[in-house]
Amino acid sequence: MINSYDPTKNLDLDDDLITLIKRRTKTLGPSHRLFYDKPVHFVRAKGVRMYDEKGQDYLDVYNNVPSVGHCHPRVVEALAQQAAKLNTHTRYLSDVVLEYAERLLETFPEVLSRVMFTCTGSEANDAAFRVARHKTGNAGLIVTANAYHGITETVSAASPSLGNGVPVGNHIRLVTLPDIYRTGEQDPEGRFERDVQFAIDDLARHGFGTSAIVMDTIFSSDGVMSHPIGFICGAVAAVRRAGGLYIADEVQPGFGRTGEKMWGFQRHGVLPDVVTLGKPMANGLPLAAVIANVETFSKFADNARYFNTFAGNPVCCAAGLAVLEVLRDEGLQINALTVGEYMRHRLKKFAARDERIGDIRGSGLFIGVDMVTDGVSKEPDQQIALALVNRLRELHVLISSSGKWGNVLKIRPPLPFSMSDTDEFLEKFELAIYGMV
Ligand code: PMP
């Protein structure tokens, strides 16, 4: 059970929604899913608000792709101007592409000095896996137990959160993240390192070797497992001793969202060999990337040609450049830090009064709320999480859920989310949860 529309539930829907759903069912491939028991039909958006076909507004507490705010005028203007001038691929010289590459690389530690563009996070991870394989000569990958890294054949095989219908590859090993809230484990870093070492040994025994450990640095699909800070260090060291790389998947946490730093990996204080980017990079246009140093990229570059028709085109790069400027000019990283802290503080107050709110995790404006049946058993409660997601949708607030048991509320608004937006969200959150005793 995930947050998705179920046509068999036969809920009372408006006629225009029924018409659109029917058209969609007749035309789109059946793998596509709609959010919520009662799907929403949006026609426009601005800042942190989305508007349905009746002009009613919804508070967006979920979407991290329009990270500098929906339809930000500076991004819209930048991409429109570039679209009116030139749009082509990366086989010609282009100022805007180079300027974007330079500005983007400035946000990384100096050693991470090259960018390779892709269109999606999945493509970025696919390319990163290839880079790691060429560099190390090994095939094995280590990922977290409920990881999601994307949709290509290769990457979905390293995305156990896709469920039993998408088999995990023979060359993939899964490791369990610290869940301190439940286990109370005293040495999470040491235990995680030992599990990773076990995976390394097992990959060696099966003839794969270890090419990389791949980690979403906020562990979003694992249930926003943000703490303790630095717990990945020993595991990364073990992978490096085995000749493997550390690939930091920044598709979710990147671009200032975690508040303290621009990149999620910086919270844990260990430098990756490869970083993958996506979602918020161009505020909704398809722009993603792989970042590494020349040495890491070089074997792959020697052995394989890489050309990606749409990746890093001037229009997407112009939008990406505007995103970086808005992040800086509007202080959105600091906003994520302060508003995120305030939100967690207020949520913790609710948790003290209601044992169904088990744990509040996260960093900046990436927050996970672990819903449980009760404070003693800490049994994950997917039903209440889903009910809350749908109840909030009725109250015109958008969130969703994640985690191995689907019981963690995923709170991840566009970065201009303000203190008063937070108050509004929490007022509705309170209404939703206390309406469900
Ligand atoms: N990595 C992570 C951590 C993601 O959450 C996602 C998308 N949800 C991806 C990679 C894949 O990105 P895309 O959908 O752009 O292919």
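Just follow the structure's listing: the first ligand is 1, and inside any ligand the first atom is 1. Nothing here was measured: the structure is a model prediction, and the numbers come from that model. If you read the sequence from its start, that first residue is 1, and numbering goes on from there.
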> Specify the closest pair of heavy atoms between Ser401 and Leu386, including all atoms of both residues, with the distance to one decimal.
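Scanning both residues completely, I find the closest heavy atoms to be OG-CD2, 4.2 Å.
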
> What ring-ring contact (aromatic ring centres under 6.0 Å, His included) pairs are there with at least one residue in residues 122-167, not counting sequence neighbours?
His134-Phe300

> Which N or O atoms of ligand 1 sit under 3.5 Å from a protein N or O, and how far apart is each pair?
from	atom 1	to	atom 2	distance (Å)
ligand 1	1 (N)	Asp249	OD1	3.3
ligand 1	1 (N)	Asp249	OD2	2.7
ligand 1	5 (O)	Gln252	NE2	2.7
ligand 1	8 (N)	Lys279	NZ	3.2
ligand 1	15 (O)	Gly121	N	2.9
ligand 1	16 (O)	Ser122	N	2.8
ligand 1	16 (O)	Ser122	OG	2.5

> Using the six-membered ring wherever Trp is involved, compare the ring planes of Phe35 and Tyr62 and label them parallel, tilted or perpendicular (cut-offs 30° and 60°).
perpendicular

> Classify the angle between the aromatic ring planes of Phe265 and Phe108 as parallel (below 30°), tilted (30 to 60°) or perpendicular (above 60°).
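Because their plane-to-plane angle is under 30°, the rings of Phe265 and Phe108 count as parallel.
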
> Among all residues two or more places apart in sequence or in another chain, which pass the side-chain hydrogen bond (donor to acceptor under 3.5 Å, both in side chains) test with Ser400?
Asn3

> With sequence neighbours excluded, tell me which residues meet salt bridge (Lys or Arg N to Asp or Glu O under 4.0 Å) with Arg182.
Asp179, Asp370

